[in-house]
Amino acid sequence: MNNEALPGGLVLIKPIGSRLEPYTTADTVAQYAKVRHKTVNELIRKHFADLEEFGTLRFEMEAVERARGVKYAKVYHLNEQQATLLITYLKNTEPVRQFKKALVRGFFEARQELSRREVQRAVKAPVRRSLTDAIRDSGEAERMKGYAYNTYTNLIYKAVTGKNAVQLRKKRGAACGADVVGLLTADELAEVTKREAQVCTLLDCGMKYEAIRDIVRPREATP
């Protein structure tokens, strides 16, 4: 899966249209609640209509290694309400009780992370406009024939994450053309904002891309 795992691994974040949404999977429920995968999937199919009252029940086809070759299995994605409802259909064993508490914490942490990202995006907005102005006023926009903004932002994204915009969209399961800012973690957004301010200062000092690129050094990409 290309979606983003949060610490703990119980709750992930994926792009749904223009927004990000926390979710867990049926496989995660089975693993941590110590219930057979078949049992969880049967409960989902049995109560499918009930679960869809809380949103579209999404899934992903995942390759599973079998003795006779690779088999593709359906892995259901459950939002917070769907996961909470599904757990009520399980027997209240000790592993299920422990999983319930861990899942509540996981979704709470996911919402906190998304809130932090919104704060960082609000901080970043005026800096992004400043970068646009700095590129224009420096003459780089004209010199680079319309590719300056994308070139500079890709430099910054690579410096922070090790990947350019196209690579980030692919890694985080976003559609082509999706706003990369919305795919960054709160910590990444804060660092991108700092790097953009740095680039603005260097442009205002009359430096060109080739020199700025050597200062804003991209870190090694992570797999």
Side-chain angles (χ1 to χ4, degrees), residues 1-32 37 40-41 44 48 51-52 54-65 70-84 86 102-103 105-122 124-125 128 149-150 153-193 195 218-223:
M1 284 186 247
N2 290 323
N3 302 314
E4 175 188 345
L6 294 174
L10 295 181
V11 177
L12 301 94
I13 292 176
K14 64 179 174 181
I16 302 292
S18 60
R19 74 183 192 282
L20 295 173
E21 179 181 309
Y23 74 101
T24 192
T25 69
D27 285 2
T28 299
V29 174
Q31 178 184 351
Y32 287 91
H37 287 73
V40 173
N41 285 335
I44 289 174
F48 195 90
L51 293 166
E52 283 228 314
F54 297 94
T56 301
L57 189 53
R58 303 178 187 277
F59 65 88
E60 186 169 79
M61 300 305 294
E62 188 174 81
V64 180
E65 290 286 346
V70 176
K71 178 181 178 181
Y72 286 88
K74 185 180 290 187
V75 179
Y76 288 102
H77 292 187
L78 304 158
N79 65 30
E80 185 172 6
Q81 293 83 4
Q82 290 166 340
T84 302
L86 178 63
L103 195 63
R105 294 190 193 100
F107 275 107
F108 177 75
E109 290 167 1
R111 289 194 300 272
Q112 279 192 317
E113 167 63 17
L114 291 177
S115 294
R116 289 178 63 215
R117 294 185 190 190
E118 286 303 313
V119 171
Q120 288 298 334
R121 289 184 73 174
K124 185 182 182 303
R128 171 171 278 199
Y149 185 78
N150 285 342
T153 53
N154 276 325
L155 173 67
I156 292 165
Y157 293 147
K158 288 198 72 173
V160 174
T161 70
K163 298 184 182 298
N164 62 29
V166 171
Q167 293 166 335
L168 276 168
R169 291 187 189 102
K170 182 177 180 180
K171 181 181 180 183
R172 299 186 181 179
C176 179
D179 182 11
V180 174
V181 172
L183 305 176
L184 300 173
T185 68
D187 290 340
E188 287 170 344
L189 274 168
E191 184 61 27
V192 164
T193 301
R195 294 281 188 164
R219 70 176 181 81
E220 290 298 320
T222 55

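Numbering starts at 1 and runs along the sequence shown.
For the atom pair CZ (Phe107) and CG (Asn79), the distance works out to 7.0 Å, reported to the nearest 0.5 Å. Here the CZ-CG distance, from Arg169 to Asp179, works out to 8.0 Å after rounding to the nearest 0.5 Å. A distance of 10.5 Å separates CG of Leu51 from OG1 of Thr84, quoted to the nearest 0.5 Å. Within the model, atoms CD of Glu80 and CD of Glu21 stand 10.0 Å from one another, a figure rounded to the nearest 0.5 Å. Between the CG atom of Leu86 and the CZ atom of Phe54 there is a distance of 12.0 Å, given to the nearest 0.5 Å. For the atom pair CD1 of Ile44 and CZ of Phe59, the computed distance is 12.0 Å after rounding to the nearest 0.5 Å.
Between the side chain of Thr161 and the backbone N or O of Lys163 there is at least one donor-acceptor pair closer than 3.5 Å.
Counting heavy atoms from C-beta on, the side chains of Leu12 and Tyr23 come closer than 4.5 Å. Residues Glu62 and Asp27 meet the side-chain proximity criterion, which asks for heavy atoms closer than 4.5 Å. In this structure the side chain of Leu168 reaches within 4.5 angstrom of the side chain of Leu184, judged on heavy atoms.
Contact between Gly106 and Val11 at its shortest, heavy atoms only, is C-CG2, 3.5 Å. Pairing each heavy atom of Ala165 with each of Asn154, the nearest pair is N-OD1, 2.8 Å. Closest heavy-atom contact between Thr28 and Thr25: OG1-OG1, 2.8 Å. Asn164 and Lys158 get closest at one heavy-atom pair: N-CG, 3.5 Å. Scanning all heavy atoms of the two residues, the minimum distance from His77 to Gln82 falls at O-OE1, 3.8 Å. Nearest approach of Thr185 to Arg172, heavy atoms of both residues: N-NH1, 4.2 Å.
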Any chance you could lay out the salt bridge (charged side-chain N to carboxylate O under 4.0 Å, His left out) test for Glu191 and Arg195, step after step, and finish with the verdict? CA-CA 6 Å; Glu191 184 61 27; Arg195 294 281 188 164; 3.3 Å; yes
